[in-house]
Amino acid sequence: MALKPNSTDTRTRSSIQIFVVVGLCCFFYILGAWQRSGFGKGDSIALEMTKHSADCSIVPTLNFETHHAGEVGNVDESEKPKSFEPCHPRYVDYTPCQDQSRAMTFPRDNMIYRERHCPREEEKLHCLVPAPNGYVTPFPWPKSRDYVPYANAPYKALTIEKAIQNWIQYEGNVFRFPGGGTQFPQGADKYIDQLAKVIPITNGMVRTALDTGCGVASWGAYLWSRNVIAMSFAPRDSHEAQVQFALERGVPAVIGVLGTIKMPYPSRAFDMAHCSRCLIPWGANDGMYMKEVDRVLRPGGYWVLSGPPINWRNNYRAWQRPKKELEEEQKKIEEVAKLLCWEKKHEKGEIAVWQKRVNDEACSGRQHNSQANFCKAEEANDVWKTVGVVKIAVKYIASALSMFMPAFILASHLYKKMDACLTPYPDVSNPEEVAGGKLKPFPERLYAVPPRVASGSVPGVSVETYQGDNEKWKKHVGAYKKINRLIDSGRYRNILDMNAGLGGFAAALDSPKLWVMNVMPTIAEKDTLGVIFERGLIGIYHDWCEAFSTYPRTYDLIHAHGLFSLYKDKCNLEDILLEMDRILRPEGAVIFRDEVDVLIKVKKITAGMRWDTKMVDHEDGPLVPEKILVAVKRYWVVGANSTSVQ
């Protein structure tokens with residue numbers, strides 16, 4: 001029989017616990033007021049934000065009452081924050097998962113050495129990647145399309161290597177981009193005009209495009225004026241700084257390659273895919289690369305191939321390649337296109353265009369084709385696999401209460417291998433129906449109900465959920481614009497949403513002045529990246545326990561909603577913040593939206609990162625446990641101290 005507890009002891013313990021809780025409440029209330037008053041105006045952007053804060057509807061002091069204090073008691077604010085030192089100047093353009101020295105240790109077959117190879121835990125840098133001497137804020141769009149400051153990417157090799165093809169020219173202290181390319185030396189505009197005679201580029205039905213082997217991304221840059229947004233990619237160092245130039249121009253791009261792993265995009269994502277002398281062996285490996293393009297190409301979408309081996313009979317002399325070799329190359333491409341059931345719409349000069357069928361009804365014959373090996377339908381979006389999970393529990397005993405600190409989960413990552421199989425179409429009820437659902441033209445597409453939502457393909461996301469999410473993000477973005485008036489000014493061109501959800505943040509920001517890279521964390525509860533593409537937006541799968549496939553100083557503004565709550569038990573939050581610093585431009589801004597206990601930990605780490613921060617309440621008032629932390633990265637370069645406007 002259990003003994004009855006002593007009532008006197010019980011009352012004593014209860015009194016102690018009440019005293020501890022009340023004491024913590026008072027301490028953190030005072031701490032909140034101190035944090036609010038101690039905001040340092042670290043640079044011109046922070047100063048601008050502060051000047052306009054009078055009409056922000058921000059509560060003067062943060063409220064840290066116990067109803068939303070969470071784990072605040074676990075954070076020792078009196079402890080001096082860790083200070084992160086600058087990395088060595090040789091890391092000025094460091095890309096952790098595409099590091100050249102590490103890449104050269106991997107096989108060259110099928111471009112394996114150009115794929116993602118991230119550093120092990122003990123190899124990670126724990127320092128701040130510096131900007132090069134003379135770095136300046138890029139020109140605003142559309143001037144940035146044509147001009148890039150030399151100091152931001154001081155590499156002249158392409159001005160010589162691609163001089164005849166009009167890729168890039170060096171003029172004084174800037175690079176000029178005339179809009180040329182290997183396949184369109186007379187300019188991307190004229191080239192796109194040729195494509196528009198075959199592909200309906202101007203009516204809004206072609207909105208999202210994929211440029212494989214993009215060079216300096218002039219094709220994507222000139223599509224922008226036609227309301228088409230292109231996701232461009234190319235490998236690191238094949239042509240010096242090509243993707244870096246694209247990003248400095250303000251064009252969406254990532255470091256990437258078609259090798260052995262799947263592209264980090266969902267099925268049926270792009271309205272158009274493009275290769276202009278991209279050097280990808282399309283007919284090799286049983287047409288595996290064409291089959292991967294087919295996976296991400298929307299039913300009814302277009303594939304453009306320009307350059308060798310198209311129309312080889314008339315062009316082999318100019319290309320200085322054997323006729324037999326070119327003939328065999330084009331034959332393989334045609335065979336794979338037939339197996340994919342693509343319809344050839346055009347072949348003239350050095351340009352060929354195929355169109356993917358809207359459904360599988362016209363391709364019934366391939367069901368009996370021995371070469372038609374079909375993938376599993378449920379694996380169409382499975383591009384990133386996590387294995388080898390190890391949990392490390394760390395017990396922590398507080399002075400008043402016993403509790404467990406969050407455990408880190410360390411995982412090794414395995415990217416899904418590309419398969420030489422055919423991705424099946426979604427089922428249709430009649431021959432005219434578009435598999436997966438027909439999309440509205442853009443911009444109507446942006447707020448129309450996406451087919452994946454309307455059909456119930458995303459568990460837990462209904463039409464009502466989707467529409468409610470849109471209204472929520474209009475409200476959130478309205479609050480952001482009051483906090484930071486530069487959002488609408490054109491100052492922020494390249495924007496990153498690290499946990500994009502249904503794409504509501506990007507949709508609410510939609511403007512010809514900017515673009516948003518919507519990231520779908522691979523550990524997210526719901527995979528909604530396909531929904532984002534169906535809205536006419538672009539994005540990518542990624543696990544933030546690893547470095548992003550981009551150069552330092554890519555983004556002007558980073559948005560992180562609930563990201564650190566999502567990852568707090570998965571990997572080191574310090575590593576994620578250092579990666580954010582790497583890819584954020586000097587004087588770029590970050591908006592965190594998360595639970596207050598999480599943001600206090602984030603704020604403490606950023607105190608040692610040369611960032612200025614400011615915590616504000618949720619737009620619905622101080623009693624909402626979700627808060628907003630705004631940060632601005634100070635301007636500093638190799639060998640120089642950070643600057644601050646006092």
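Quantities reported herein were computed from a predicted structural model and do not represent experimental measurements.
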For this session: Mind running side-chain hydrogen bond (donor to acceptor under 3.5 Å, both in side chains) on Thr202 and Arg226 for me, showing each step along the way?
Result: CA-CA 6 Å; Thr202 59; Arg226 304 175 194 233; over 6 Å; no
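- Side chains of Arg535 and Ile532 form no contact here, defined as non-hydrogen atoms less than 4.5 Å apart.
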For this session: Let me see the working for Phe548 and Val519 under side-chain contact (heavy atoms from CB on, under 4.5 Å), right down to the final yes or no.
Result: CA-CA 10 Å; Phe548 199 52; Val519 177; 4.1 Å; yes
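- Using a 4.5 Å heavy-atom threshold, the side chains of Asp617 and Val624 count as separate.
- With Asp382 as the partner, the salt bridge (Lys or Arg N to Asp or Glu O under 4.0 Å) test is satisfied by one option alone out of Arg295, Lys376, Lys416: Lys416.
- With hydrogens and angles ignored, the 3.5 Å screen pairs a side-chain donor or acceptor of Trp544 with a backbone N or O of Met498.
- One distance of note links CG of Leu584 with NZ of Lys633; it measures 5.5 Å at 0.5 Å rounding.
- By the 6.0 Å contact criterion, NZ on Lys438 is open, its count of non-hydrogen atoms from other residues, nucleotides or ligands being 12 or less.
- A donor-acceptor pair under 3.5 Å links the side-chain atoms of Ser511 to the main chain of Lys513, judged by distance alone.
- Residue Asp286 qualifies as open at atom CG: its count of foreign heavy atoms under 6.0 Å is 12 or below.
- With rounding to the nearest 0.5 angstrom, the CG atom of Asp581 is 4.5 Å from the CE atom of Met609.
- Nearest heavy atoms, Tyr425 versus Ala435: CD2-CB, 3.7 Å.
- Rounded to the nearest 0.5 angstrom, Arg116 CZ and Glu546 CD are separated by 5.0 Å.
- Put simply, the side chain of Arg114 gets close to the backbone of Arg236: a donor and an acceptor are under 3.5 Å apart.
- Ion pair Glu444/Arg207 not flagged as a salt bridge, since none of the NZ, NE, NH1 or NH2 atoms sits closer than 4.0 Å to an Asp/Glu carboxylate oxygen.
- A donor-acceptor pair under 3.5 Å is formed between the side chain of Glu115 and the backbone N or O of Thr260.
- How far CE of Met520 is from CG of Asp497: 9.0 Å, rounded to the nearest 0.5 Å.
- Outside the 6.0 Å centre-distance limit, the rings of His476 and His559 are not counted as a close aromatic pair.
- Ring centroid separation for the pair Tyr265 and Phe270 comes in under the 6.0 Å cut-off.
- A pairwise comparison of heavy atoms in Asn470 and Gly504 identifies OD1-CA, 4.4 Å as the closest pair.
- No more than 12 heavy atoms of other residues, nucleotides or ligands shown are found within 6.0 angstrom of CG on Asp427.
- Within the 3.5 Å criterion, the main-chain N or O of Ser457 finds no donor-acceptor partner in the side chain of Arg452.
- Closest approach of Asn518 and Ala506 over heavy atoms only: OD1-CB, 3.4 Å.
- In summary, Arg445 and Asp271 engage in a salt bridge, as defined by a charged side-chain N under 4.0 Å from a carboxylate O.
- Ion pairing of Lys481 with Asp488 is present here, as a side-chain N (NZ or NE/NH1/NH2) and a carboxylate O approach within less than 4.0 Å.
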Exercise. For Asp527 and Val458, what are the C-alpha separation, side-chain angles and deciding distance, and is it a side-chain contact (heavy atoms from CB on, under 4.5 Å)?
Worked result: CA-CA 7 Å; Asp527 176 8; Val458 183; over 6 Å; no
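- Taking 4.5 Å as the limit, some side-chain heavy atom of Ile199 sits within range of a side-chain heavy atom of Val206.
- With hydrogens and angles ignored, the 3.5 Å screen pairs a side-chain donor or acceptor of Gln355 with a backbone N or O of Gly300.
- Between Thr606 atom OG1 and Met580 atom CE the span is 9.5 Å, to the nearest 0.5 Å.
- Of the possible polar contacts, none joining the Lys526 side chain to the Pro459 backbone as a donor-acceptor pair under 3.5 Å is found.
- Ring geometry, Trp611 versus Phe592: the interplanar angle falls from 30° to 60°, so the pair is classed tilted.
- To the nearest 0.5 Å, atoms CG (Leu258) and CG (Asn285) are separated by 11.0 Å.
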Problem set entry | Leu502 vs Val461, side-chain contact (heavy atoms from CB on, under 4.5 Å): CA-CA, chis, key distance, verdict | CA-CA 9 Å; Leu502 294 168; Val461 180; 4.0 Å; yes
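- When side chains are defined from C-beta on, Val293 does not count as touching Tyr289, because their heavy atoms never get closer than 4.5 Å.
- Using a 4.0 Å cut-off between a side-chain N of Lys or Arg and a carboxylate O of Asp or Glu, Asp594 and Lys627 do not qualify as a salt bridge.
- Using modelled atom types, one side-chain atom of Thr208 and one backbone atom of Ala269 make a donor-acceptor pair closer than 3.5 Å.
- Distance alone, capped at 3.5 Å, is enough to place a donor-acceptor pair between the Asn494 side chain and the Thr554 backbone.
- With contacts defined as side-chain heavy-atom distances shorter than 4.5 Å, the pair Leu210/Thr212 qualifies.
- Ring planes of Tyr480 and Trp473: tilted class, angle from 30 to 60°.
- Under the 4.5 Å side-chain criterion, counting only non-hydrogen atoms from C-beta, Val596 is not in contact with Pro625.
- The aromatic ring centres of Trp384 and His542 sit less than 6.0 Å apart.
- Contact check on Glu534 versus Arg298 returns no salt bridge, with no Lys/Arg side-chain nitrogen under 4.0 Å from an Asp/Glu carboxylate oxygen.
- For Lys262, the NZ atom counts as densely surrounded, since its 6.0 Å shell holds more than 12 non-hydrogen atoms of other residues, nucleotides or ligands.
- The pair Lys475-Glu619 fails the salt-bridge criterion, with no side-chain N (NZ, NE, NH1 or NH2) lying under 4.0 Å from an Asp/Glu carboxylate O.
- Between Tyr492 and Tyr555, every side-chain heavy-atom pair lies at or beyond the 4.5 Å cut-off.
- Residues Trp342 and Asp294 approach most closely at NE1-OD1, 2.8 Å, considering heavy atoms.
- The number of heavy atoms from other shown groups lying within 6.0 Å of NZ (Lys417) is above 12.
- Of the listed residues (Asn572, Asp543, Asn499), just one forms a side chain to side chain donor-acceptor pair (under 3.5 Å) with Tyr567, and that residue is Asp543.
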For this session: For the pair Val251 and Val243, evaluate side-chain contact (heavy atoms from CB on, under 4.5 Å) and give the outcome as yes or no after the intermediate values.
Result: CA-CA 9 Å; Val251 182; Val243 172; over 6 Å; no
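- The heavy-atom pair separating Ile229 from Pro252 by the smallest distance is CG1-CG, 4.2 Å.
- Between Pro451 and Leu439, the shortest heavy-atom contact is CD-CD2, 3.4 Å.
- Within a 6.0 Å sphere centred on CD of Glu525, heavy atoms belonging to other residues, nucleotides or ligands number 12 at most.
- Between the Asn381 side chain and the Ser267 main chain, a donor and an acceptor come within less than 3.5 Å of each other.
- Under the 4.5 Å side-chain criterion, counting only non-hydrogen atoms from C-beta, Phe564 is in contact with Leu577.
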